[in-house]
There are 2 protein chains.
Amino acid sequence: MSRRDEVLQAAIELLDEVGLDDLTTRRLAARLGVQPGALYRHFTSKQALLDAIVEQLVTLEPPPPATQEGWAEQVSATATVARAGMLAHRDGARLVATMGAPGPSARAGFERLVAVIAAGGAPAEAAMLATDTVFAYVNGFTIEEQARKVTGPSAVPRSERDRQFAAGLGLIIDGIRAALR
Amino acid sequence: MSRRDEVLQAAIELLDEVGLDDLTTRRLAARLGVQPGALYRHFTSKQALLDAIVEQLVTLEPPPPATQEGWAEQVSATATVARAGMLAHRDGARLVATMGAPGPSARAGFERLVAVIAAGGAPAEAAMLATDTVFAYVNGFTIEEQARKVTGPSAVPRSERDRQFAAGLGLIIDGIRAALR
DNA sequence: ACCTGAACACCGTTCAAGT
DNA sequence: ACCTGAACACCGTTCAAGT
């Protein structure tokens, strides 16, 4: 494990403890027992560090089981796994949304879903559109979920949020199904 | 126009000029010809200022034409207007997403859409679910759009983005229609 | 009511110099 | 290769005091 990876790991732990707003280069340096400036040997900027965190969040997703016959189940599995990856760390969805260019893992996930929907019978353009729509929904849902429902006095239980997410996703899948006919 | 409103207006102008990351209390004070501390007579914190900006972004939306017969057209009009409100100012979507509790205007827009879909024949629970799904899509789409497509070398023209947005929204509306039968 | 002056406790980042 | 020491140009916020 390179020193760079140790710094990255410490940053993720700090994120989970204090949240994105308090994830500070100086706090991170203190946790590593090092001066703030020392971080810049491993990351060119704080933004580069955040990008690396996001890449790891998105990479943790295992691919949906490719043995499935139906495209709908694969779309559902991909969306569920993407949401789970963002929920796995504090402020994960906001972090992903704030990011600039999508990393290699994000692009790979996108292409994979396009292929799945195309295999289901959609023309290339329609498959891309459907994929865009699914990810927009997943990101929008999870950002709001994590901002308002995970903690606090009006916390909605996880099982209820899972049901809501799946139901909304079902609406979109039905819409894609209708477009395929 | 109260002094508070003047400060708010100046903040929105500054947002459009420099973006959210450089919207600083000290820059805002300088633009108003005032010491930084003076702002705290009008807003209890920077976050309160940002909340007020969001409330204005969302309030600018006119209600969709209530004369429409079909619920689908009203859903479409509401979503389009919500997106336009966020696109109207730099980093508008990110600002809305970062916000904590939804303001009165956001809640009113939500209730209005629930009523529209319920009038279309959906049970109350299904109408809320559909509304959640539509707004999750709108927010997710617009955040990504504004983060990556509005500016820069790979800028996608507005007309193309409009088409994409409408097509994805159509998928969701088709899904809602299917659930109504 | 609105603002100044001055301070407090922080930020991200750079860079020569050390080991 | 990795880090220290020290600085630079900033932040958000508070609060007595002025008008």
Side-chain angles (χ1 to χ4, degrees), chain A residues 1-57 89-91 94-101 103 147, chain B residues 1-57 89-91 94-101 103 147:
Chain A
M1 194 188 205
S2 70
R3 182 76 236 220
R4 189 192 138 104
D5 284 346
E6 289 173 8
V7 171
L8 179 55
Q9 199 54 40
I12 292 176
E13 289 172 20
L14 185 57
L15 171 67
D16 283 334
E17 287 173 20
V18 303
L20 184 56
D21 293 334
D22 289 325
L23 175 52
T24 255
T25 57
R26 295 178 107 98
R27 283 204 203 215
L28 177 56
R31 158 184 278 261
L32 288 162
V34 122
Q35 294 301 116
L39 298 176
Y40 290 80
R41 190 146 304 265
H42 308 291
F43 295 93
T44 58
S45 67
K46 183 183 181 181
Q47 188 55 54
L49 212 202
L50 296 180
D51 287 351
I53 295 177
V54 169
E55 188 60 22
Q56 176 149 331
L57 286 211
H89 291 96
R90 173 119 81 127
D91 295 326
R94 188 153 57 105
L95 199 46
V96 170
T98 303
M99 238 221 340
Chain B
M1 196 185 204
S2 70
R3 181 70 202 174
R4 189 192 138 103
D5 284 346
E6 288 174 9
V7 171
L8 178 55
Q9 198 54 40
I12 291 175
E13 290 172 21
L14 185 57
L15 170 68
D16 284 334
E17 287 173 20
V18 303
L20 185 56
D21 292 334
D22 289 325
L23 174 52
T24 254
T25 57
R26 296 178 106 97
R27 280 205 204 215
L28 177 56
R31 158 184 277 260
L32 288 162
V34 121
Q35 294 301 115
L39 298 176
Y40 290 80
R41 189 145 305 264
H42 308 292
F43 294 93
T44 58
S45 68
K46 184 183 181 181
Q47 188 54 55
L49 212 201
L50 296 180
D51 287 351
I53 294 176
V54 169
E55 187 60 22
Q56 176 149 331
L57 287 211
H89 291 96
R90 172 119 83 126
D91 295 326
R94 188 153 57 105
L95 199 46
V96 170
T98 302
M99 237 222 339

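Each chain gets a letter, A, B and so on, in the order the sequences are listed, and its residues count up from 1. Everything numeric in this text was worked out from a predicted model, so none of it was measured. Values reported hereafter were calculated over all heavy atoms of this structure, with side chains retained and with hydrogens, waters and symmetry mates removed.
- Atom CE in M1(B) sits about 14 Å away from atom P in dC2(C), given to the nearest Å.
- Atom P of nucleotide dG12(C) and atom CG of L28(A) are separated by 10 Å, given to the nearest angstrom.
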Which dot-bracket notation, 5' to 3', represents the base pairing of DNA chain C when pairs are defined as Watson-Crick or G-U with both distances under 3.5 Å, crossing pairs as [ ], and inter-strand pairs as |?
||.|||||...|||||.||
Exercise answer: donor-acceptor pairs, residues 6-13 of chain A side-chain atoms, under 3.5 Å, sequence neighbours excluded:
from	atom 1	to	atom 2	distance (Å)
E6(A)	OE1	R3(A)	NE	3.4
E13(A)	OE1	R31(A)	NH1	2.9

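- Contacts of residues 4-25 of chain B with DNA chain C (heavy atom under 4.0 Å): none.
- A donor-acceptor pair is defined here as one N or O able to donate and one able to accept, closer than 3.5 Å; such a pair exists between the side chain of S2(A) and the backbone of D5(A).
- With sequence neighbours left out, the side chain to side chain contact (heavy atoms under 4.5 Å, CB included) criterion links D21(B) to R94(B).
- Proximity of a side-chain donor or acceptor of D16(A) to a complementary backbone N or O of H89(A) within less than 3.5 Å is not detected.
- In this structure, CG on L49(A) lies 6.0 Å from CG on L28(A), to the nearest 0.5 angstrom.
- Among T24(A), D22(A), L23(A), L32(A), the single residue meeting the side chain to side chain contact (heavy atoms under 4.5 Å, CB included) criterion with L14(A) is L23(A).
- Nearest heavy atoms, G103(A) versus E55(A): CA-OE1, 3.3 Å.
- Listed nucleotides: dT4(D), dC2(C), dA7(C). Nearest to the side chain of R3(B): dC2(C).
- Applying the side chain to side chain contact (heavy atoms under 4.5 Å, CB included) criterion to V54(A), with sequence neighbours excluded, gives V58(A), L95(A), V96(A), M99(A).
- In this structure, the separation between CG on L57(B) and CG on L15(B) is 7.5 Å, given to the nearest 0.5 Å.
- Within residues 35-42 of chain B, the residues that have a heavy atom under 4.0 Å from DNA chain C are, in order of number, Q35(B), A38(B), R41(B), H42(B).
- Using a 4.0 Å cut-off on heavy atoms, none of the residues of residues 43-54 of chain B approach DNA chain C.
- Between the CZ atom of R26(B) and the P atom of dC10(C) there is a distance of 15 Å, rounded to whole Å.
- dC10(D) and dA9(C) are spaced 22 Å apart, taking the P atom of each and rounding to whole Å.
- Judged as a side-chain hydrogen bond (donor to acceptor under 3.5 Å, both in side chains), not a single pair has a partner in residues 35-45 of chain A (not counting sequence neighbours).
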